[in-house]
Amino acid sequence: MTEDPCRVVVLGSGRGSNFEALAAAAGPAWHIVAAGSDRPDAPLLARAAHNGIPGFCRDPADYAGRDAHDAALAAALERFSPDLVLLAGYLRLLGPAMLDPWHGRMLNIHPSLLPAWPGLHTHERVLRAGDREHGATVHFVTPELDAGPRVVQGRLRVAPTREGSALAARVHRLEHCIYPMAVDWYANGRLKLEKDMAILDGEPLVEPVVIEEAACA
Ligand code: GRF
């Protein structure tokens, strides 16, 4: 018996390059049914329209506070009956109205080798600290910022003489490789969250799967 494809909604505030990579990688096991943003002018929404995927925006300026905005966003999401929600550069902290219903069904991608460098400006911080390795992490979303159970990391060796923008571009390429990978695992029933532990193929992911840059070329 063939199961229905996993319905995925992508949320982002910015340019939407991960959305584009995900849309290109979708296949029989999953497809993107909508893209949502907190910014009416987010290029992500234009990319969605270009791909024939519905977009929606819930602008925080239209709501009394975070809880009201989260509730509106949650209601907008529900209209698309997603099985999985992907954060891809969604720049607002989410509260319980958004987190609770999607516990175990929401992933985020972050541009660092978590737990190193949660938060913003990761490439600059990596270069300033002289780190030898950098990359990106896909993790389940929990209330703690960038701290949920890790699933997969794309890893590269830092070339310190390169500029931050070149490093950022390399990390983005890793992101476009590992995010669809994690979604494939989830959609095929291989990846889940159990008791706050990521499980892949029945085994707890004590450490995330690591994909080297060369494998993403
Ligand atoms: C990515 O670097 C992602 O890791 C971070 O925000 C950025 C989003 O980029 N959370 P894009 O909008 O997908 O191009």
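Read the numbers this way: they start at 1 and go in the same order the structure lists the ligands and their atoms.
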Which of the atoms in ligand 1, numbered in the order shown and given with their element, are less than 4.0 Å from a heavy-atom of Ile109? 3 (C), 4 (O), 5 (C), 10 (N)
Please identify which atoms of ligand 1 are closer than 4.0 Å to at least one heavy atom of His172. 1 (C), 2 (O), 9 (O), 14 (O)
Look at atom 1 (C) of ligand 1 and find which of His123, His110, Glu175 reaches it with the closest heavy atom. Glu175
Tell me the closest heavy-atom pair linking Leu11 and Phe56, and the distance in Å. CD2-CZ, 4.0 Å
Any donor-acceptor pair under 3.5 Å linking the side-chain atoms of His110 with those of His139? no
Distance-only polar pair, side chains of Ser112 and His134, donor-acceptor under 3.5 Å: no
Winner among Ser37, Gly16, Gly89 once heavy atoms are compared against atom 12 (O) of ligand 1: Gly16
For Ser17, is at least one N or O under 3.5 Å away from an N or O on ligand 1? yes
Counting both backbone and side chain atoms, is some N or O of Phe19 under 3.5 Å from an N or O of ligand 1? no
Closer than 4.0 angstrom: is that true for some heavy atom of Gly12 and an atom of ligand 1? no
Exercise: identify the closest heavy-atom pair between Met98 and Asp70: CG-O, 3.7 Å
Could you tell me whether ligand 1 has any atom less than 4.0 Å away from a heavy atom of Glu20? no
Of Val9, Leu94, Val85, the one forming a side-chain contact (heavy atoms from CB on, under 4.5 Å) with Trp102 is Val85
Asp131 versus Trp117, side-chain donor and acceptor atoms under 3.5 Å: yes
